[in-house]
There are 4 protein chains.
Amino acid sequence: MTTARPGRVRSEAARLAILEATTSELAERGYDKLSLDRIAAAAGVGKATIYRWYPNKGALVAEGMLSGHLLPRVAVPSSGDVRRDVTHWLIETSASLTEPTTGGLIRATIAATAEDADVARHYDDHVTSVARAELVARLESGRRDGQVDADAPLDALVEALVGVVLLNVLTRRDPDATALTATVTLLFDGAGSAGGRGGR
Amino acid sequence: MTTARPGRVRSEAARLAILEATTSELAERGYDKLSLDRIAAAAGVGKATIYRWYPNKGALVAEGMLSGHLLPRVAVPSSGDVRRDVTHWLIETSASLTEPTTGGLIRATIAATAEDADVARHYDDHVTSVARAELVARLESGRRDGQVDADAPLDALVEALVGVVLLNVLTRRDPDATALTATVTLLFDGAGSAGGRGGR
Amino acid sequence: MTTARPGRVRSEAARLAILEATTSELAERGYDKLSLDRIAAAAGVGKATIYRWYPNKGALVAEGMLSGHLLPRVAVPSSGDVRRDVTHWLIETSASLTEPTTGGLIRATIAATAEDADVARHYDDHVTSVARAELVARLESGRRDGQVDADAPLDALVEALVGVVLLNVLTRRDPDATALTATVTLLFDGAGSAGGRGGR
Amino acid sequence: MTTARPGRVRSEAARLAILEATTSELAERGYDKLSLDRIAAAAGVGKATIYRWYPNKGALVAEGMLSGHLLPRVAVPSSGDVRRDVTHWLIETSASLTEPTTGGLIRATIAATAEDADVARHYDDHVTSVARAELVARLESGRRDGQVDADAPLDALVEALVGVVLLNVLTRRDPDATALTATVTLLFDGAGSAGGRGGR
DNA sequence: CAGTAACCGAGACGGTACGTCGAGTCTTACA
DNA sequence: TGTAAGACTCGACGTACCGTCTCGGTTACTG
């Protein structure tokens, strides 16, 4: 059943050492200063071992994301109040990404994503989509509670949230809680006074 | 005899050739594959000439942005209907950034921004802030027309717009008009059925 | 009291395949471009199998020589006329070593010999010494026939012959029969006009 | 008249440092263990600088020979007695090549010569041919003194001498003076008792 | 005739060196 | 004195081999 090719089996220790070294290099130097020579040395691994499994820098970084070595995850709470939960997620996520190492890591990830379409796809499929799905799920449960409009475009809402986070990361801003709360309020209440759903 | 100033006059032609070569290199190869050797050769310029004016790659790219060589600008129309104008801007901007060369350029810019804090600051100060200011101005005029709530957080609204654009660029999505319209609708009407800010 | 260790016996097929692959690699690429990876692949053999039997490249090449796979042998004829026989040997040997494959092989052998003292010893003990012994034997029989002086230094003569062959191989010259005949004539008649030995 | 291209001029210091480092590497490790990385490091030079001027290992070694950095030269004396002078040259040359460093160097040279036809040609044209010409000149002067037969093939004689030296170097033999003297005697008196050329 | 020891192929491993390319600096000749 | 040309050091790239080390499997002697 199992293929059972001949030859020595892949070293799991090497794989982990490579990923770990990649993460720390990435955090402290960024994506385009990433040196496979240094990674190999730090991981105590031959350069060929890296190239055997990852065709290029991008693939290596992509694998780092997948394995969760690269980015922290913030859970979406479920307190009963959707706005509070979303606000909480937004503040927590912002705080986590403002930390120096995490910030370096996420910026490296953005650079990798901008440079390499495969990485972008990989990242979107396996990382952000998870957070997005969680948020959407929470919003849907909010909708069942009557806290979210039936016809509100949840995908658009989630995209706006992620987009705001992204923008703050890129511009190195560390937004305070009020600003983030204002964003959530905007998304739930809207800015249009004439609007159908009603002015104050 | 007449002028008698020693030395050769600085070549404006060289400066422009450098910027042009940088732009095209950036569009077709991306930021981290940018090669100053290639730029110098393509511009018919000595490498030292580049380094005389720009201390490093990042500064060169930053200058490229400033000079408008790097990114197209989309004007915010002023038709009388704020939602329509914002929607128009969003669709136009998305379309412009979906074009292959512009997309490559903007992604290169994002990578540069992610890698280099100076570039990020430069970009934020001189490029996005312009677009942001324009959007804010339009929204303020809309507020005077009663189309925008008095207490709506305009900055947050603009950030959400820019964030959505950013996310689409990074994920290589080409959103259709309906999706973008839904985003604008969300931002103006909100998703919260109970209406935190005011009852229905 | 048979020694007869248990375990699988050495695969003769593998041994031959290795030697053959080595020979052809050596002929077409030379000694320092010799690759054990390539040899193993060409021979359909695991690299470890080569290393099990030969501690290093040199030993493998040395074995190749021994087994006669590596160099052709030219017999010394015995026609009754020593000069003619030696000349014949010299011409035949030169011709054989001028052929492209044999030439590549012998030059690879020379390189191996120059690089590795063990290979040199091996080669001298098992290969050239055979040719030398044959030549010496022929000269001794010539001495018995009165065609060679009783006190002529046969070893020196043979060394001069081999040295000339070697030099021609290294310099990629393809000497014609006249030049080689002149060498033999010189060795038998000498260049000294006074005839030193006569007046001894 | 001089071409006077623009651009920085080639650094003579770098050239010499490279050649010197090459020589010492060659002497202590041999030709096929020669590492350009090591040479560059030892010479305090970028690897690219080596490759800018020498397309491959062989060319570098060839240049090393030319510049006299690589091999000692033994002059042919002129005492009036040709045999004595030739014998002296042979003994001196043998002694010099038996010394460890020189021996390593000459063997590396032989390996380079065996591996690379260009090096061989280079070497033959610029190095051995000098020694050969000197020997031939001495023999011709001996011929004018009546010490060498008018019709003796001087080229063949010189080749035999060089060939014998070569063989000794390759086999790592350190021949004593008597053996070398016997060789010279053979070359001048011949081994053929009947005396083909007749003139005893 | 079952164990078991030494073999076999395959191929991954940590390394070293390769030859190329790019960054950023420096040195020419010329304008 | 600014500029094009181009050599310089440094360091990373991705590839190729080295010699070693598992792997799963195959003989063929031994108990």
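Within every chain, numbering begins at 1; the chains are lettered A, B, ... in the order of the sequence lines, protein sequences first and strands thereafter.
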Considering only heavy atoms from C-beta outward, does the side chain of [X] approach that of [Y] to under 4.5 Å?
{"X": "D:R52", "Y": "D:K47", "result": "no"}
{"X": "A:E115", "Y": "B:R107", "result": "no"}
{"X": "C:W53", "Y": "C:R10", "result": "yes"}

Within this structure, what is the [atom1]-to-[atom2] distance between [X] and [N], rounded to whole angstrom?
{"X": "A:E12", "N": "F:dC23", "atom1": "CD", "atom2": "P", "result": "13 Å"}
{"X": "D:I50", "N": "E:dC18", "atom1": "CD1", "atom2": "C1'", "result": "12 Å"}
{"X": "B:K47", "N": "E:dG22", "atom1": "NZ", "atom2": "P", "result": "10 Å"}
{"X": "C:L34", "N": "F:dG19", "atom1": "CG", "atom2": "P", "result": "10 Å"}
{"X": "B:L60", "N": "E:dA23", "atom1": "CG", "atom2": "C1'", "result": "13 Å"}
{"X": "B:R15", "N": "F:dT3", "atom1": "CZ", "atom2": "P", "result": "12 Å"}
{"X": "D:K33", "N": "F:dG19", "atom1": "NZ", "atom2": "C1'", "result": "13 Å"}
{"X": "B:Y51", "N": "F:dC8", "atom1": "OH", "atom2": "C1'", "result": "14 Å"}

What contact category does [X] fall into here, base, sugar-phosphate, or nothing, at under 4.0 angstrom with non-hydrogen atoms?
{"X": "B:A48", "result": "base"}
{"X": "D:I39", "result": "nothing"}
{"X": "D:R52", "result": "base"}

Requested in this report: Give the nucleotide from the list F:dA4, F:dG14, F:dC18 with an atom nearest to the side chain of C:D37.
Outcome: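 Looking only at heavy atoms from C-beta outward on C:D37, the closest nucleotide is F:dC18.
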Query raised in the report: Nearest to the side chain of C:R8 - E:dA17, F:dG25, F:dT20?
Result: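 Of all the options, the side chain of C:R8 is nearest to F:dG25.
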**Report entry** Side-chain N,O (C:R10) to OP1/OP2 (E:dA6) below 4.0 Å
**Finding:**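 Looking at the OP1 and OP2 atoms of E:dA6, neither is under 4.0 Å from any side-chain N or O of C:R10.
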Query raised in the report: E:dA6 phosphate, OP1 or OP2: any side-chain N/O from C:W53 under 4.0 angstrom?
Result: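 It does not, given that no N or O in the side chain of C:W53 lies less than 4.0 Å from OP1 or OP2 of E:dA6.
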Report task. Measure the CG-CD distance between C:L105 and C:E25 for me, rounded to the nearest 0.5 Å. Result ->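 One finds 12.0 Å between CG of C:L105 and CD of C:E25.
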**Report entry** Residue mapping more 5' on DNA chain E - nearest nucleotide basis, B:N56 or C:T49
**Finding:**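 Taking each residue's closest nucleotide, the earlier one in sequence belongs to C:T49.
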Query - Residue closer to the 5' end of DNA chain E, A:G44 versus D:S35 (nearest nucleotide) - result: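 Result of the comparison: A:G44.
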Query raised in the report: Between B:G46 and C:V9, which has a closest nucleotide on DNA chain F that is more 5'?
Result: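 Counting from the 5' end, the first nearest nucleotide belongs to B:G46.
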Query - Carboxylate-amine/guanidinium contact C:D124 C:R121, below 4.0 Å - result: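 Salt bridge: no.
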